[in-house]
Amino acid sequence: MSTADPRVEAFYARPVQEVAAALLGCTLAHAGCSGRIVEVESYHEEEPACHAFGGQTPRTAVLFGAPGLAYVYRSYGIHALINAVAEADGVGAAVLIRALEPIEGIEEMRARRGLERPEDLCSGPGKLTQALGIGLDLNGAALTDGPVRILPAAGRPAEPVAGPRIGITRAVELPWRICDATSRCVSRPWPQAMRRRRAA
DNA sequence: CATGGGATTGACT
DNA sequence: GTCAATCCCATGC
């Protein structure tokens, strides 16, 4: 089934929230470093928190591009954040990758981050791009077949928990953040549903 | 051409 | 809890 495999474009060519849910548990890999995706957020051109809201600009062109592309942009002048472009070509929608559980290349991640604890290496959208060495040069690259790739879910199954998105000022009511309750590498604040639960 | 605003993080009170 | 760092780009004169 093609929609279960993030190595094909069809995986991304469906409603963005469906793509977001399917990405939990998948592996994000770049240059020998990789991690299990444990937190994501959906963004869509029809809601005002999305960069694509209000139309296409040079900055957001990739968001409107083919499904399966990487949309990488600079946040607060400091951090690079990576998204997986979703839905049909021409529709501005993407899934922000917010946290990973480190799998491969942990020593390299420690060196890039200047930290030791595995749960501190990729537990935030700006942290994981720094840990994996993902920069703005990867904006527009194909996640299906490029330097940054997303591989099928493996290992333990994810336990999805939804909540409001982080760090936005508009459309704050939409529960478009999804975390894997089985991971301790999720960024803060933890969703309500995770606080009473024991993360593995 | 000048200005303002972030899909964040880490340091500090 | 508060707050500054720092850069790309959208908007407006």
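Values below: every heavy atom of this structure, side chains too, minus hydrogens, waters and symmetry copies. Just so we're clear, the structure is a prediction, and the values are computed from it rather than from any experiment.
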Query raised in the report: If you look at every strand shown and take non-hydrogen atoms under 4.0 Å, does A/Leu96 touch a base, only sugar-phosphate, or nothing?
Result: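 Since a base atom lies under 4.0 Å of A/Leu96, the category is base.
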Query raised in the report: Base, sugar-phosphate, or nothing: which does A/Arg59 touch, judged by heavy atoms less than 4.0 Å apart?
Result: sugar-phosphate
State whether [X] and [Y] are salt-bridged, where the test is any N-O pair (Lys NZ or Arg NE/NH1/NH2 against Asp/Glu carboxylate O) under 4.0 Å.
X	Y	result
A/Arg14	A/Glu87	no
A/Glu107	A/Arg112	no
A/Glu41	A/Arg165	no

Listed nucleotide nearest any side-chain atom of [X], set [options]:
X	options	result
A/Arg113	C/dC8, B/dG10, B/dA7	B/dG10
A/Tyr71	B/dG10, C/dA10, B/dA7	B/dA7
A/Ile166	B/dT8, C/dC8, B/dG10	B/dT8
A/Asn83	B/dA7, C/dA5, B/dT9	B/dA7
A/Lys127	B/dA7, B/dG10, C/dC7	B/dG10
A/Ile78	C/dT6, C/dC8, B/dT9	C/dT6

Find the distance [X]:[atom1] to [N]:[atom2] and express it as a whole number of Å.
X	N	atom1	atom2	result
A/Asp120	B/dA11	CG	P	11 Å
A/Asn139	C/dC7	CG	P	18 Å
A/Leu115	B/dT9	CG	C1'	11 Å
A/Gln56	C/dC9	CD	C1'	15 Å
A/His79	C/dT6	NE2	C1'	9 Å
A/Phe53	C/dT11	CZ	P	12 Å
A/Leu81	C/dT6	CG	P	18 Å
A/Leu63	C/dA10	CG	P	12 Å

Using only side-chain N and O atoms of [X], determine if any of them is under 4.0 Å from OP1 or OP2 of [N].
X	N	value
A/Arg170	B/dG6	no
A/Ser75	B/dA7	no
A/Arg98	B/dT8	yes

Query - Side-chain donor/acceptor of A/Tyr76 to base of C/dA5, under 3.5 Å - result: no
Query - Rounded distance (nearest 0.5 Å) linking atom SG of A/Cys122 with atom CG of A/Leu132 - result: 5.5 Å
Requested in this report: Taking A/Arg36 for its side chain and A/Arg156 for its backbone only, find out whether a donor-acceptor pair lies under 3.5 Å.
Outcome: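 Pair found, side chain donor or acceptor close to backbone of A/Arg156.
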Query raised in the report: Has the side chain of A/Arg113 got a donor or acceptor atom that lies under 3.5 Å from a matching backbone atom of A/Asp120?
Result: yes
Report task. Using both distances under 3.5 Å as the test, list the Watson-Crick or G-U wobble partner of B/dT8, or none. Result ->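 Result: C/dA5.
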Requested in this report: For B/dG4 versus C/dA4, give the span between their P atoms, rounded off to a whole number of Å.
Outcome: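 Going atom to atom, P in each nucleotide, I get 16 Å.
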**Report entry** Comparing A/Arg74 and A/Thr60 on DNA chain C - which has the more 5′ nearest nucleotide
**Finding:**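 Its nucleotide being nearer the 5' end, the pick is A/Arg74.
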